[in-house]
Amino acid sequence: MIRVFFVLFVLSAALFGADAVIPTLNMNLSAPKTPEQLVSSLNVLVILTLLVLAPSMVLVMTTFTRFIIVLGFLRQALGTQQVPPTQILVMLAMILTFFVMEPIGTKAYHQGIQPYVEKKIGYEEAFTKTVLPFKNFMIRNTREKDLALFLRIRKMKNPKTVADVPLSIVIPSFLISELKTAFEIGFLLFLPFLVIDMVVASILMSMGMMMLPPVMISLPFKILVFVLIDGWNLIIGNLIASVK
């Protein structure tokens, strides 16, 4: 789990050169006197920028989008309003994302970051090898139709290998594929709960209780059914299994 964050952070090190070190922060507003001072100042700027962009990288390069959307659909289908709270759903989606992405982050660390830290490879090779596991993961979970869409927009030829597909094509293609998959799973989640709502509404109408909101009566039954079938276990298991 920690290595996933470490990989996202150390990706910046591949841009600094083999002799890069973590720069010290100097609050004096003086012009740099040597090239090394200028590089250190630029390193601070890049690191701060990456810290700001790290949450966005988690959103667009991992399964977090799929998990949080499906969990949101589940809460809507149950009709429990703010239960579970949004913070709990976000943390659950984040934990599941770490669980799924940890092997990929570990692989990226061992084949890209670790050799670079040990000065066995250069920064360009380290960057390529670090990004490759994430790129392979995203392409496995991306529809060919979505990849073709952005390739056509860029007017690029069909790539022959994964390495030939630029990140600027992979990331948006992966994101819209995740959105489609999440909406498909959400639709399937709604169906059983919709049936319960329709049955309760039909019973209330046949009994002449048309003024009684069907949602109020169906909510306990939906929660009961969800608990009896061990819904959290089924949903989490199938969500993780849906990731290639």
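- Side-chain contact between Phe193 and Leu74: present, with at least one pair of heavy atoms (C-beta onward) separated by less than 4.5 Å.
- Met138 contributes atom CE, which lies 11.5 Å from atom OG of Ser177 (distance to the nearest 0.5 angstrom).
- How far CD1 of Ile68 is from CE of Met94: 8.5 Å, rounded to the nearest 0.5 Å.
- Leu188 and Pro192 get closest at one heavy-atom pair: O-CD, 3.3 Å.
- The two residues Arg75 and Pro84 make their nearest non-hydrogen contact at NH1-O, 2.8 Å.
- Two residues are said to be in side-chain contact when any heavy atoms from C-beta on lie closer than 4.5 Å; Thr63 and Asn141 fail this criterion.
- Phe134 has its side chain within reach of Met101: a pair of non-hydrogen atoms, C-beta onward, lies under 4.5 Å apart.
- Taking both residues in full, the closest heavy atoms of Glu178 and Thr62 are given as OE1-O, 4.4 Å, listed atom of the first, atom of the second, then distance.
- Note on Ile104: it clusters hydrophobically with Phe99, by side-chain heavy-atom contacts below 4.5 Å among ILVMFWY residues.
- Residue Phe221 comes nearest to Ile196 through the heavy atom pair CB-CG2, 4.3 Å, listed as atom of the first residue, atom of the second, then distance.
- Cluster membership check: Ile240 shares its hydrophobic cluster with Phe98, using side-chain heavy-atom separations under 4.5 Å among Ile, Leu, Val, Met, Phe, Trp and Tyr.
- Taking hydrophobic clusters as Ile, Leu, Val, Met, Phe, Trp and Tyr residues chained together by side-chain heavy-atom distances below 4.5 Å, Leu167 shares a cluster with Met156.
- Note: Arg154 CZ to Leu149 CG = 12.0 Å, rounded to the nearest 0.5 Å.
- Remark: Asn233 CG to Asn238 CG distance equals 9.0 Å, nearest 0.5 Å.
- Residues Phe190 and Gln76 approach most closely at CZ-CB, 3.8 Å, considering heavy atoms.
- Between Thr142 and Phe150 there is no side-chain heavy-atom pair separated by less than 4.5 Å.
- Under the 4.5 Å side-chain contact rule for hydrophobic residues, Leu194 and Val70 do not share a cluster.
- No donor-acceptor distance shorter than 3.5 angstrom exists from the side chain of Lys222 to the backbone of Thr80, with no hydrogens or angles considered.
- In this structure, Phe73 and Ile185 have side chains that are not in contact, with every pair of non-hydrogen atoms separated by 4.5 Å or more.
- Between Gln111 and Leu132, the closest side-chain pair of non-hydrogen atoms falls below 4.5 Å.
- More than 12 heavy atoms of other residues, nucleotides or ligands shown are found within 6.0 angstrom of CD on Glu184.
- Side-chain heavy atoms closer than 4.5 Å link hydrophobic residues (I, L, V, M, F, W, Y) into clusters, and following such links, even through other members, never connects Met198 to Ile223.
- Nearest heavy-atom pair across Leu71 and Leu89 is CD1-O, 3.7 Å.
- In this structure, the side chains of Leu92 and Ile236 come closer than 4.5 Å at one or more pairs of heavy atoms.
- Remark: the backbone N or O of Ser242 is paired with a side-chain donor or acceptor of Arg66 at under 3.5 angstrom.
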